[in-house]
Amino acid sequence: MEKDTICIQGGYKPGNSEPRVLPIYQSTTYKYDSAEELAKLFDLESPGHMYTRISNPTVEYVESKIAELEGGVGAMMTSSGQAASFISVFNIASSGDNFVMMSNLYGGTTNLFLVTMKRMGIEARVATSDMSDEEFLSLFDDRTRCFFGETIANPSLEVFDFDRYVPLVHSKGVPVIIDNTFATPVLCNPIAFGADIVVHSTTKYMDGHAEVVGGVIVDGGAFDWTKDGKYPELTEPDESYHGVVYAKQFGRAAYITKARTQLMRDLGTTVQPIAAFLINNGLETLSLRIRRHSENALAVAEYLKSRTDIVESVSYPGLADDKEHSRAVRYLKDGLSSGVVSFCVKGGREKAMAFMNALKLAAIVVHVADVRTCVLNPASTTHRQLSDDMLRKAGIEPGFVRFSVGIEDKKDIISDIEEAFKACL
Ligand SMILES: Cc1ncc(COP(=O)(O)O)c(C=O)c1O
(Lines give C-alpha, C1' and ligand atoms only; values in the text may rest on other atoms or scores of the structure.)
Protein backbone atom coordinates (compact mmCIF):
# COMPACT_ATOMS: atom_id res chain seq x y z
CA MET A 1 0.00 0.00 0.00
CA GLU A 2 1.02 3.63 -0.52
CA LYS A 3 2.06 5.72 2.49
CA ASP A 4 -1.16 7.78 2.39
CA THR A 5 -3.15 4.56 2.70
CA ILE A 6 -0.95 2.97 5.40
CA CYS A 7 -1.26 6.14 7.50
CA ILE A 8 -5.00 5.48 7.67
CA GLN A 9 -5.48 1.74 7.14
CA GLY A 10 -2.26 0.29 8.60
CA GLY A 11 -2.19 -1.50 11.96
CA TYR A 12 -5.71 -2.03 13.31
CA LYS A 13 -7.97 -4.01 10.98
CA PRO A 14 -11.39 -4.58 12.54
CA GLY A 15 -13.28 -7.83 11.99
CA ASN A 16 -17.02 -8.28 11.60
CA SER A 17 -18.97 -5.90 13.85
CA GLU A 18 -15.87 -4.71 15.68
CA PRO A 19 -15.28 -0.98 16.32
CA ARG A 20 -14.28 0.88 13.15
CA VAL A 21 -11.90 3.11 15.10
CA LEU A 22 -8.88 1.77 17.02
CA PRO A 23 -10.14 0.96 20.54
CA ILE A 24 -8.22 2.10 23.63
CA TYR A 25 -7.48 -1.03 25.67
CA GLN A 26 -7.16 0.79 28.97
CA SER A 27 -6.12 -2.29 30.92
CA THR A 28 -2.87 -3.06 32.68
CA THR A 29 -3.58 -6.79 32.77
CA TYR A 30 -4.88 -9.70 30.70
CA LYS A 31 -6.80 -12.86 31.59
CA TYR A 32 -5.78 -16.46 30.79
CA ASP A 33 -7.75 -19.69 30.67
CA SER A 34 -5.07 -21.66 32.47
CA ALA A 35 -1.77 -21.32 34.29
CA GLU A 36 -0.18 -23.30 31.44
CA GLU A 37 -1.30 -20.71 28.87
CA LEU A 38 0.37 -17.97 30.87
CA ALA A 39 3.52 -20.05 31.39
CA LYS A 40 3.86 -20.35 27.59
CA LEU A 41 3.69 -16.59 27.29
CA PHE A 42 6.39 -16.18 29.92
CA ASP A 43 8.61 -18.61 28.02
CA LEU A 44 8.00 -16.54 24.83
CA GLU A 45 6.59 -19.70 23.26
CA SER A 46 3.27 -18.19 22.25
CA PRO A 47 2.35 -14.59 21.37
CA GLY A 48 0.03 -12.54 23.57
CA HIS A 49 -0.01 -9.84 26.17
CA MET A 50 1.20 -10.31 29.74
CA TYR A 51 1.30 -6.89 31.27
CA THR A 52 0.96 -3.39 29.79
CA ARG A 53 4.46 -2.35 30.87
CA ILE A 54 5.65 -4.76 28.16
CA SER A 55 2.86 -4.71 25.56
CA ASN A 56 -0.77 -3.73 25.02
CA PRO A 57 -3.19 -4.28 22.08
CA THR A 58 -3.77 -0.57 21.33
CA VAL A 59 -0.04 0.11 21.43
CA GLU A 60 0.66 -2.97 19.32
CA TYR A 61 -1.68 -1.83 16.53
CA VAL A 62 0.07 1.54 16.35
CA GLU A 63 3.47 -0.15 16.45
CA SER A 64 2.56 -2.31 13.49
CA LYS A 65 1.36 0.74 11.53
CA ILE A 66 4.66 2.53 12.18
CA ALA A 67 6.69 -0.59 11.28
CA GLU A 68 4.76 -0.77 8.02
CA LEU A 69 5.33 2.93 7.29
CA GLU A 70 9.07 2.56 7.87
CA GLY A 71 9.38 -0.81 6.08
CA GLY A 72 10.61 -2.60 9.22
CA VAL A 73 9.93 -6.05 10.68
CA GLY A 74 8.74 -4.73 14.03
CA ALA A 75 8.48 -1.65 16.22
CA MET A 76 8.34 -0.78 19.91
CA MET A 77 6.79 2.43 21.17
CA THR A 78 8.32 4.16 24.18
CA SER A 79 7.29 6.85 26.64
CA SER A 80 9.40 9.50 24.84
CA GLY A 81 11.83 10.02 21.98
CA GLN A 82 14.63 10.16 24.53
CA ALA A 83 13.69 6.68 25.78
CA ALA A 84 13.69 5.39 22.19
CA SER A 85 17.17 6.81 21.48
CA PHE A 86 18.52 5.43 24.75
CA ILE A 87 17.12 1.91 24.30
CA SER A 88 18.14 1.79 20.63
CA VAL A 89 21.79 1.99 21.70
CA PHE A 90 21.65 0.35 25.13
CA ASN A 91 20.01 -2.72 23.56
CA ILE A 92 23.37 -3.58 21.97
CA ALA A 93 25.96 -1.74 24.10
CA SER A 94 27.20 -2.34 27.64
CA SER A 95 29.71 -0.80 29.99
CA GLY A 96 33.13 -0.71 28.30
CA ASP A 97 31.63 -0.44 24.80
CA ASN A 98 31.51 2.64 22.60
CA PHE A 99 29.50 3.95 19.66
CA VAL A 100 29.85 6.72 17.10
CA MET A 101 27.40 9.64 16.86
CA MET A 102 27.18 12.57 14.45
CA SER A 103 27.94 15.94 16.04
CA ASN A 104 24.70 17.51 14.78
CA LEU A 105 22.17 15.45 16.78
CA TYR A 106 19.32 17.04 18.74
CA GLY A 107 20.76 18.60 21.94
CA GLY A 108 18.84 16.28 24.27
CA THR A 109 20.20 13.23 22.46
CA THR A 110 23.72 14.66 22.56
CA ASN A 111 23.48 15.17 26.31
CA LEU A 112 22.05 11.68 26.84
CA PHE A 113 24.86 10.12 24.82
CA LEU A 114 27.82 12.22 25.99
CA VAL A 115 26.93 12.77 29.64
CA THR A 116 24.37 10.28 30.96
CA MET A 117 25.49 7.20 29.04
CA LYS A 118 29.10 7.99 29.88
CA ARG A 119 28.11 7.47 33.53
CA MET A 120 27.01 3.96 32.49
CA GLY A 121 30.47 3.31 31.05
CA ILE A 122 29.36 3.66 27.41
CA GLU A 123 31.44 6.12 25.41
CA ALA A 124 29.98 8.16 22.53
CA ARG A 125 32.56 9.21 19.94
CA VAL A 126 31.69 12.28 17.91
CA ALA A 127 31.94 12.36 14.11
CA THR A 128 31.73 15.63 12.17
CA SER A 129 30.67 15.96 8.56
CA ASP A 130 33.97 17.64 7.61
CA MET A 131 35.95 14.49 8.55
CA SER A 132 37.58 12.49 5.77
CA ASP A 133 36.50 8.83 5.41
CA GLU A 134 39.77 7.78 7.11
CA GLU A 135 39.18 10.13 10.04
CA PHE A 136 35.61 8.89 10.35
CA LEU A 137 36.62 5.21 10.28
CA SER A 138 39.37 5.80 12.85
CA LEU A 139 36.63 6.44 15.44
CA PHE A 140 35.61 2.75 15.28
CA ASP A 141 37.36 -0.08 17.13
CA ASP A 142 36.48 -3.62 18.22
CA ARG A 143 34.30 -2.30 21.07
CA THR A 144 32.23 -0.05 18.76
CA ARG A 145 28.64 -1.30 18.74
CA CYS A 146 26.69 1.09 16.51
CA PHE A 147 26.48 4.43 14.74
CA PHE A 148 23.78 7.09 15.32
CA GLY A 149 22.73 9.93 12.97
CA GLU A 150 19.66 12.08 12.15
CA THR A 151 17.97 12.21 8.72
CA ILE A 152 17.34 15.97 8.99
CA ALA A 153 19.37 17.25 11.92
CA ASN A 154 17.65 19.38 14.57
CA PRO A 155 18.28 22.33 14.35
CA SER A 156 21.12 22.58 11.77
CA LEU A 157 18.87 20.92 9.13
CA GLU A 158 21.79 19.03 7.61
CA VAL A 159 20.54 16.05 5.58
CA PHE A 160 22.22 12.73 6.40
CA ASP A 161 24.37 11.36 3.59
CA PHE A 162 23.24 7.71 3.53
CA ASP A 163 25.22 6.84 0.39
CA ARG A 164 28.44 7.93 2.06
CA TYR A 165 28.03 6.77 5.66
CA VAL A 166 26.05 3.51 5.47
CA PRO A 167 28.79 1.56 3.58
CA LEU A 168 31.49 3.04 5.84
CA VAL A 169 29.67 2.00 9.03
CA HIS A 170 28.79 -1.44 7.64
CA SER A 171 32.43 -1.99 6.67
CA LYS A 172 33.09 -1.93 10.43
CA GLY A 173 30.44 -4.62 11.02
CA VAL A 174 28.09 -2.42 13.05
CA PRO A 175 24.52 -1.22 12.49
CA VAL A 176 23.34 2.25 11.48
CA ILE A 177 20.70 3.80 13.76
CA ILE A 178 18.85 6.82 12.35
CA ASP A 179 16.62 9.33 14.13
CA ASN A 180 14.00 10.03 11.45
CA THR A 181 11.88 12.44 13.53
CA PHE A 182 12.07 15.52 11.31
CA ALA A 183 11.75 13.70 7.99
CA THR A 184 8.96 11.30 9.11
CA PRO A 185 8.47 7.96 7.29
CA VAL A 186 6.40 9.79 4.69
CA LEU A 187 9.35 11.81 3.39
CA CYS A 188 12.14 9.29 4.03
CA ASN A 189 12.58 5.61 4.83
CA PRO A 190 16.12 5.27 6.21
CA ILE A 191 15.83 1.46 5.99
CA ALA A 192 15.44 1.75 2.20
CA PHE A 193 18.76 3.64 2.15
CA GLY A 194 20.52 0.94 4.18
CA ALA A 195 19.89 1.96 7.81
CA ASP A 196 19.28 -0.90 10.23
CA ILE A 197 17.31 0.69 13.06
CA VAL A 198 15.10 3.80 12.99
CA VAL A 199 13.97 5.88 15.97
CA HIS A 200 11.47 8.72 16.26
CA SER A 201 10.27 11.22 18.76
CA THR A 202 6.56 10.66 17.99
CA THR A 203 6.02 13.85 20.01
CA LYS A 204 6.76 15.76 16.80
CA TYR A 205 5.13 15.27 13.38
CA MET A 206 3.71 11.80 14.08
CA ASP A 207 1.46 13.13 16.83
CA GLY A 208 1.48 16.49 15.07
CA HIS A 209 -0.87 18.21 17.51
CA ALA A 210 1.52 18.67 20.45
CA GLU A 211 -0.65 16.45 22.65
CA VAL A 212 1.52 13.54 23.84
CA VAL A 213 5.19 12.83 24.41
CA GLY A 214 6.27 9.51 22.91
CA GLY A 215 8.87 7.63 20.92
CA VAL A 216 9.32 4.53 18.79
CA ILE A 217 12.08 2.18 17.64
CA VAL A 218 11.73 0.33 14.33
CA ASP A 219 13.82 -2.74 13.48
CA GLY A 220 14.78 -3.06 9.81
CA GLY A 221 15.42 -6.78 10.33
CA ALA A 222 18.29 -7.03 7.84
CA PHE A 223 21.35 -6.69 10.08
CA ASP A 224 23.16 -9.99 10.70
CA TRP A 225 23.75 -10.05 14.47
CA THR A 226 25.35 -13.49 14.35
CA LYS A 227 28.39 -12.47 12.27
CA ASP A 228 31.70 -12.19 14.16
CA GLY A 229 30.14 -12.98 17.57
CA LYS A 230 30.06 -9.23 18.17
CA TYR A 231 26.61 -9.14 19.73
CA PRO A 232 26.54 -11.82 22.44
CA GLU A 233 23.42 -10.26 23.99
CA LEU A 234 21.57 -11.43 20.87
CA THR A 235 23.44 -14.65 20.08
CA GLU A 236 24.04 -16.11 23.54
CA PRO A 237 21.45 -17.21 26.14
CA ASP A 238 19.74 -14.40 28.07
CA GLU A 239 19.90 -15.55 31.67
CA SER A 240 17.21 -13.03 32.61
CA TYR A 241 14.85 -14.80 30.20
CA HIS A 242 15.19 -18.54 30.79
CA GLY A 243 18.22 -18.71 28.51
CA VAL A 244 16.44 -17.55 25.34
CA VAL A 245 18.78 -16.88 22.40
CA TYR A 246 17.07 -13.98 20.58
CA ALA A 247 18.83 -14.39 17.21
CA LYS A 248 17.92 -18.09 17.15
CA GLN A 249 14.34 -17.89 18.35
CA PHE A 250 13.29 -14.61 16.71
CA GLY A 251 15.53 -14.38 13.64
CA ARG A 252 15.05 -11.07 11.84
CA ALA A 253 13.09 -9.64 14.77
CA ALA A 254 15.79 -10.49 17.36
CA TYR A 255 16.78 -6.90 18.14
CA ILE A 256 13.27 -5.52 18.66
CA THR A 257 12.15 -8.60 20.62
CA LYS A 258 15.06 -8.23 23.02
CA ALA A 259 14.38 -4.49 23.38
CA ARG A 260 10.85 -5.29 24.53
CA THR A 261 11.17 -8.48 26.54
CA GLN A 262 14.33 -7.44 28.35
CA LEU A 263 14.70 -3.64 28.38
CA MET A 264 11.08 -2.53 28.36
CA ARG A 265 10.39 -5.12 31.03
CA ASP A 266 13.26 -3.79 33.18
CA LEU A 267 13.20 -0.05 32.45
CA GLY A 268 9.43 0.44 32.10
CA THR A 269 9.61 3.42 29.72
CA THR A 270 6.17 2.42 28.47
CA VAL A 271 3.82 4.45 26.27
CA GLN A 272 0.30 4.59 27.70
CA PRO A 273 -2.56 3.14 25.57
CA ILE A 274 -4.33 6.53 25.48
CA ALA A 275 -1.10 8.15 24.24
CA ALA A 276 -0.73 5.50 21.52
CA PHE A 277 -4.35 6.19 20.49
CA LEU A 278 -3.65 9.93 20.18
CA ILE A 279 -0.46 9.28 18.22
CA ASN A 280 -2.48 7.05 15.90
CA ASN A 281 -4.93 9.92 15.31
CA GLY A 282 -1.93 12.02 14.31
CA LEU A 283 -0.57 9.30 12.04
CA GLU A 284 -3.85 9.16 10.12
CA THR A 285 -3.20 12.66 8.72
CA LEU A 286 0.62 12.62 8.76
CA SER A 287 0.91 12.19 5.04
CA LEU A 288 -1.31 15.19 4.30
CA ARG A 289 0.18 17.36 7.01
CA ILE A 290 3.85 16.83 6.21
CA ARG A 291 3.28 17.88 2.61
CA ARG A 292 1.57 21.06 3.73
CA HIS A 293 4.28 21.74 6.37
CA SER A 294 6.92 21.35 3.65
CA GLU A 295 5.15 23.58 1.12
CA ASN A 296 4.56 26.29 3.72
CA ALA A 297 8.15 26.05 5.01
CA LEU A 298 9.55 26.47 1.49
CA ALA A 299 7.42 29.59 0.99
CA VAL A 300 8.59 30.98 4.36
CA ALA A 301 12.24 30.17 3.55
CA GLU A 302 11.95 31.91 0.18
CA TYR A 303 10.41 34.97 1.79
CA LEU A 304 13.15 35.09 4.45
CA LYS A 305 15.78 34.81 1.71
CA SER A 306 14.32 37.89 0.05
CA ARG A 307 14.65 39.94 3.27
CA THR A 308 18.39 40.57 3.07
CA ASP A 309 17.82 43.86 4.91
CA ILE A 310 17.11 42.01 8.17
CA VAL A 311 17.94 38.32 7.64
CA GLU A 312 21.59 37.34 7.59
CA SER A 313 21.22 33.72 6.47
CA VAL A 314 18.54 31.07 5.92
CA SER A 315 18.91 27.28 6.10
CA TYR A 316 16.24 25.12 4.53
CA PRO A 317 17.13 22.00 2.52
CA GLY A 318 14.23 22.63 0.15
CA LEU A 319 15.80 25.88 -1.13
CA ALA A 320 17.48 25.27 -4.49
CA ASP A 321 20.68 27.05 -3.40
CA ASP A 322 20.87 25.46 0.08
CA LYS A 323 24.03 23.46 0.74
CA GLU A 324 21.84 20.45 1.69
CA HIS A 325 19.60 20.66 -1.37
CA SER A 326 21.16 17.87 -3.43
CA ARG A 327 20.81 15.44 -0.51
CA ALA A 328 17.23 16.62 0.09
CA VAL A 329 16.41 15.80 -3.54
CA ARG A 330 18.14 12.41 -3.25
CA TYR A 331 16.70 11.22 0.08
CA LEU A 332 13.46 13.14 0.75
CA LYS A 333 10.29 12.39 -1.20
CA ASP A 334 9.91 14.91 -4.02
CA GLY A 335 12.59 16.99 -2.24
CA LEU A 336 9.96 17.99 0.35
CA SER A 337 12.02 19.09 3.34
CA SER A 338 9.62 19.13 6.29
CA GLY A 339 8.50 22.15 8.29
CA VAL A 340 11.47 23.59 10.17
CA VAL A 341 13.36 26.60 8.82
CA SER A 342 16.44 27.97 10.58
CA PHE A 343 17.58 31.54 10.03
CA CYS A 344 19.75 34.23 11.52
CA VAL A 345 18.58 37.79 12.03
CA LYS A 346 21.03 40.68 11.83
CA GLY A 347 21.61 42.30 15.23
CA GLY A 348 22.08 39.14 17.33
CA ARG A 349 20.27 38.00 20.44
CA GLU A 350 18.40 41.29 21.16
CA LYS A 351 17.04 41.56 17.63
CA ALA A 352 16.01 37.88 17.62
CA MET A 353 14.14 38.37 20.90
CA ALA A 354 12.46 41.56 19.66
CA PHE A 355 11.37 39.72 16.49
CA MET A 356 9.91 36.82 18.46
CA ASN A 357 8.09 39.17 20.84
CA ALA A 358 6.50 40.95 17.88
CA LEU A 359 5.10 37.77 16.32
CA LYS A 360 1.35 37.34 16.80
CA LEU A 361 0.42 34.09 15.05
CA ALA A 362 3.66 32.19 15.66
CA ALA A 363 3.95 31.33 19.35
CA ILE A 364 7.11 31.12 21.45
CA VAL A 365 7.23 27.51 22.65
CA VAL A 366 9.83 24.85 23.46
CA HIS A 367 8.64 22.58 20.69
CA VAL A 368 8.71 22.05 16.97
CA ALA A 369 6.76 20.07 14.42
CA ASP A 370 3.11 20.49 15.25
CA VAL A 371 0.24 22.03 13.29
CA ARG A 372 0.69 25.49 14.88
CA THR A 373 3.55 27.72 13.76
CA CYS A 374 6.03 28.24 16.59
CA VAL A 375 9.41 29.77 17.17
CA LEU A 376 12.43 29.50 19.46
CA ASN A 377 15.66 31.48 19.80
CA PRO A 378 18.17 29.13 21.48
CA ALA A 379 20.36 32.08 22.59
CA SER A 380 17.62 33.53 24.79
CA THR A 381 16.09 30.22 25.95
CA THR A 382 17.66 26.76 25.85
CA HIS A 383 21.23 28.15 25.64
CA ARG A 384 20.57 31.35 27.63
CA GLN A 385 23.45 30.87 30.06
CA LEU A 386 26.06 30.95 27.26
CA SER A 387 27.93 34.12 26.21
CA ASP A 388 27.82 35.05 22.49
CA ASP A 389 31.31 33.67 22.16
CA MET A 390 30.43 30.35 23.79
CA LEU A 391 27.28 30.14 21.66
CA ARG A 392 29.29 30.45 18.45
CA LYS A 393 31.63 27.71 19.64
CA ALA A 394 28.56 25.51 20.12
CA GLY A 395 27.65 26.27 16.50
CA ILE A 396 24.76 28.60 17.35
CA GLU A 397 24.74 32.23 16.23
CA PRO A 398 23.17 34.60 18.81
CA GLY A 399 20.60 35.74 16.23
CA PHE A 400 19.71 32.17 15.25
CA VAL A 401 15.96 31.48 15.12
CA ARG A 402 14.37 28.03 14.74
CA PHE A 403 11.05 28.54 13.03
CA SER A 404 8.65 25.59 12.93
CA VAL A 405 6.17 26.29 10.17
CA GLY A 406 2.65 25.02 10.83
CA ILE A 407 -0.17 24.19 8.45
CA GLU A 408 -2.03 27.50 8.66
CA ASP A 409 -2.37 29.46 5.41
CA LYS A 410 1.15 30.42 4.33
CA LYS A 411 0.01 33.97 3.51
CA ASP A 412 -0.86 34.51 7.18
CA ILE A 413 2.41 33.02 8.41
CA ILE A 414 4.48 35.21 6.09
CA SER A 415 2.45 38.31 6.92
CA ASP A 416 3.03 37.61 10.65
CA ILE A 417 6.80 37.53 9.99
CA GLU A 418 6.59 40.66 7.85
CA GLU A 419 4.72 42.61 10.53
CA ALA A 420 7.17 41.42 13.21
CA PHE A 421 10.12 42.55 11.07
CA LYS A 422 8.46 45.97 10.68
CA ALA A 423 8.04 46.26 14.41
CA CYS A 424 11.67 45.59 15.18
CA LEU A 425 13.44 47.21 12.25
C1 LIG B 1 15.19 14.95 16.49
C2 LIG B 1 14.73 14.66 17.88
N3 LIG B 1 14.99 13.45 18.41
C4 LIG B 1 14.59 13.14 19.67
C5 LIG B 1 13.94 14.06 20.46
C6 LIG B 1 13.54 13.68 21.86
O7 LIG B 1 12.19 13.37 21.86
P8 LIG B 1 11.21 13.56 23.11
O9 LIG B 1 11.12 15.01 23.40
O10 LIG B 1 9.94 12.94 22.63
O11 LIG B 1 11.81 12.80 24.25
C12 LIG B 1 13.63 15.33 19.95
C13 LIG B 1 12.93 16.32 20.76
O14 LIG B 1 12.87 17.50 20.45
C15 LIG B 1 14.05 15.64 18.61
O16 LIG B 1 13.79 16.83 18.07
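If you're wondering where the values come from, they're calculated on a predicted model, not measured in any experiment. Note that ligands are numbered from 1 as they come in the structure, with each ligand's atoms numbered from 1 the same way.
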Any Lys/Arg nitrogen of E312 or K351 sitting under 4.0 Å from an Asp/Glu carboxylate oxygen of the other? no
Who passes side-chain hydrogen bond (donor to acceptor under 3.5 Å, both in side chains) against Y106, sequence neighbours left out? none
Name each N or O atom in ligand 1 that is under 3.5 Å from a protein N or O, and give the partner atom and the distance.
{"residue": "ligand 1", "atom": "3 (N)", "partner": "D179", "partner atom": "OD2", "Å": "2.6"}
{"residue": "ligand 1", "atom": "7 (O)", "partner": "S201", "partner atom": "OG", "Å": "3.1"}
{"residue": "ligand 1", "atom": "10 (O)", "partner": "G81", "partner atom": "N", "Å": "2.9"}
{"residue": "ligand 1", "atom": "10 (O)", "partner": "S201", "partner atom": "OG", "Å": "2.8"}
{"residue": "ligand 1", "atom": "10 (O)", "partner": "T203", "partner atom": "OG1", "Å": "2.6"}
{"residue": "ligand 1", "atom": "11 (O)", "partner": "G81", "partner atom": "N", "Å": "3.1"}
{"residue": "ligand 1", "atom": "11 (O)", "partner": "Q82", "partner atom": "N", "Å": "2.9"}
{"residue": "ligand 1", "atom": "14 (O)", "partner": "K204", "partner atom": "NZ", "Å": "2.8"}
{"residue": "ligand 1", "atom": "16 (O)", "partner": "N154", "partner atom": "ND2", "Å": "2.9"}

Note: R143-D141 ion pair, threshold 4.0 Å (strictly below): no
Ionic contact status for R291 with D4, cut-off 4.0 Å: yes
If you look only at pairs with a residue in residues 329-352, which of them pass as a ring-ring contact (aromatic ring centres under 6.0 Å, His included), with sequence neighbours excluded? F162-Y331, F193-Y331, F343-F355
Under the side-chain hydrogen bond (donor to acceptor under 3.5 Å, both in side chains) test, residues paired with S306 that sit two or more places apart: none
